K.L.:
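This is the structure I have questions about; it appears just below.
So that the names make sense, note that chain A is the first sequence line, chain B the second, and so on, each numbered from 1. The structure displayed is predicted, hence computed values, not measured ones.
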Number of protein chains: 2
Amino acid sequence: MLSQKTRYTIRALQHLADCWQQGVVRLDAIAEEQNIPRKFLTVILSEMVREGLVVSHRGRDGGYELALPPVDICYGDIIRLTRGSLALVPCASRNAHETCANCLPEADCRLRGLMLTLRDEMAAMLDRITLADPITVEAPFAETGMAQMSAKSEAAEPI
Amino acid sequence: MLSQKTRYTIRALQHLADCWQQGVVRLDAIAEEQNIPRKFLTVILSEMVREGLVVSHRGRDGGYELALPPVDICYGDIIRLTRGSLALVPCASRNAHETCANCLPEADCRLRGLMLTLRDEMAAMLDRITLADPITVEAPFAETGMAQMSAKSEAAEPI
DNA sequence: TCTCTTGTCTACTTATTTTGTAGAGATAAA
DNA sequence: TTTATCTCTACAAAATAAGTAGACAAGAGA
C-alpha cells in the first residue's frame, strides 16, 4: 500500500499541476481543497521543496508552485521520492536495493525474481504517466458494474 | 511493500510446491530451509490451513502439503489472501474496497483512477503466474549490470 | 495404553512505522 | 513594523508488524 503521506503528496502535486502557470498556491488552499491536515501538509510540501519538485515563496502572498512543468513529472518519480522505491520488496528495487532479512541468497529467491519483473512492469506504466495527463476516473464500485477503464495514455488521451 | 509475513508465506508455499506429491513436509524442515522463524511459521501455516490452501497432518510423521496442485495456485491469490488486496490504495481494490480517509469523493480522485489501472495490470500478471512456474532469478544487482529478465511466461517457460 | 512427535490456538509482548502536532523561527510585502 | 506565509526540529500518539509463550490436541508406534 501507498502510505497516507504518499497519497497526500500525490494529490498535493496534482493540485499544483492543475494550477500550473496561474501563480502560487497557498498551503491553506491546498489543504482545504484536497482535504489534507494542514500541519501535516507543511511537512510534506517542505520535503517536496527540498527534493526540488516544488518551489516555495515565503512571506506575504507566498505559496507554492511546481518547479517543473507537469508534463515533466511522472508518477514513478513521485513514488520513488516519497517511498524510496517502486518495488514491492526491498531486494527488487532498482533504485534503493536492500537485501531482505531472513531470506534465501538473492540468486536463489524466486520471490525476488517475480517481484523484479513486476517492478519493471509497474515502472513502465508509472514512468509514462505524468502530472499533465488527464486521468478518467471509473465510477465507484458500489454504484456501477465495473470497468470502463484501461486505455494506455498516448499524448493527451484520457487514461 | 509486501510485509515480511507475506514474504514468508509465499516462500513457504513455494517450498511446499517444490515438494508436491513427495509426501508431507515438517514445519521444522520448512523453517530451516527457508530461513523463517519457527514459531512465526506456525502462525503462518495455520492460517494457510484455515484458508484451505494447505493441508496439515498432525501427530507423529505429521507435516504439511499443498491442498491443490501448484499449477492451481497463483501469486495473485496468495497476495490477496495474506494482504487483503492487490491494490496500492484501499479505494482501488476490487476485492476489498474501502474508501480512503481524508480523500476527495472517489469519482473525482485521479489517484484512484491511476491506481485502478495499475491494479489491473498487476493482477493480469500475478494471476497468470502460479506456484508451478519456474522463475529465473536475475543475478543480484551488485555483481552484474542489470536486466536479463523480462519474459512473459507462456506454459512452462522461465519467467 | 503410554509416550513421543508434530501441529493448533489464543493471547501476549515488543519493535517499528506512520500519522500527525507543537512551537519557535525566517522572510517578504505593504 | 506588522502581518501573512513558509521552515524546521522535535516530539507524541496511534497503528501495524513481527515474533514469542505456553497450554492443548491428535496421531503413530511400542
K.L.:
Side-chain contact test, heavy atoms from C-beta onward, threshold under 4.5 Å: evaluate it for Ile30(A) versus Arg11(A) and give yes or no.
P.N.:
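A side-chain contact under 4.5 Å is absent here.
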K.L.:
What distance do Asn95(B) atom CG and Leu86(B) atom CG have between them, rounded to the nearest 0.5 Å?
P.N.:
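So the gap between those two atoms works out to 7.5 Å.
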K.L.:
Can you confirm whether Arg7(A) sits close enough to Met115(B) that some side-chain heavy atom of one is under 4.5 Å from a side-chain heavy atom of the other?
P.N.:
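No, their side chains stay 4.5 Å or more apart.
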K.L.:
Hey, any chance Leu126(A) and Met1(A) share a hydrophobic cluster, counting ILVMFWY side chains that come within less than 4.5 Å of each other, even indirectly?
P.N.:
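In one cluster: no.
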K.L.:
Under the salt bridge (charged side-chain N to carboxylate O under 4.0 Å, His left out) test, which residues partner Arg80(A), sequence neighbours left out?
P.N.:
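For Arg80(A), the residues satisfying salt bridge (charged side-chain N to carboxylate O under 4.0 Å, His left out) (neighbours in sequence not counted) are Asp77(A), Asp127(A).
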K.L.:
Enumerate the residues from residues 54-63 of chain B whose closest heavy atom to DNA chain C is under 4.0 Å, giving them by residue number; use none for an empty result.
P.N.:
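Only Ser56(B), His57(B), Arg58(B), Gly59(B), Arg60(B), Gly62(B), Gly63(B) qualify.
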K.L.:
Can you confirm whether more than 12 heavy atoms, excluding those of Glu98(B), are under 6.0 Å from its CD atom?
P.N.:
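Counting neighbours around CD of Glu98(B), 12 or fewer heavy atoms of other residues, nucleotides or ligands fall under 6.0 Å, so no.
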K.L.:
Given atom CD of Glu65(B) and atom P of dG7(C), what is their separation to the nearest angstrom?
P.N.:
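My rounded result for the distance is 12 Å.
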K.L.:
Is any side-chain heavy atom of Leu88(B) less than 4.5 Å from a side-chain heavy atom of Met122(B)?
P.N.:
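Counting from C-beta outward, Leu88(B) and Met122(B) do come under 4.5 Å.
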K.L.:
Which whole-number value in Å describes the distance from Leu2(A) CG to dT17(C) C1'?
P.N.:
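One finds 15 Å between C1' of dT17(C) and CG of Leu2(A), rounded.
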K.L.:
Using side-chain heavy atoms (C-beta onward) and a distance below 4.5 Å, is Thr9(B) in contact with Leu81(B)?
P.N.:
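In short, these two side chains do not touch, never coming nearer than 4.5 Å.
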K.L.:
List for me each residue that meets salt bridge (charged side-chain N to carboxylate O under 4.0 Å, His left out) alongside Arg38(B), sequence neighbours excluded, and say none if there are none.
P.N.:
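Salt bridge (charged side-chain N to carboxylate O under 4.0 Å, His left out) list for Arg38(B), sorted by chain: Asp28(B).
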K.L.:
What parts of residues 16-46 of chain A reach DNA chain D, counting only heavy atoms under 4.0 Å away?
P.N.:
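Result for residues 16-46 of chain A: Arg26(A), Leu27(A), Ser46(A), sorted by number.
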K.L.:
Of all residues at least two apart in sequence or in a different chain, which pass the ring-ring contact (aromatic ring centres under 6.0 Å, His included) check with Tyr8(A)?
P.N.:
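Partners of Tyr8(A) by the ring-ring contact (aromatic ring centres under 6.0 Å, His included) criterion, ordered by chain and then number, come out as Phe40(A).
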K.L.:
Mind checking Arg50(A) for me? I need base, sugar-phosphate or nothing, with any heavy atom below 4.0 Å counting as a touch.
P.N.:
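Sugar-phosphate, backbone atoms only, no base.
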K.L.:
Quick check for you: name the first and last nucleotides of DNA chain D, 5' to 3', having an atom under 4.0 Å from a heavy atom of chain B.
P.N.:
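The footprint of chain B covers dA18(D) to dA28(D).
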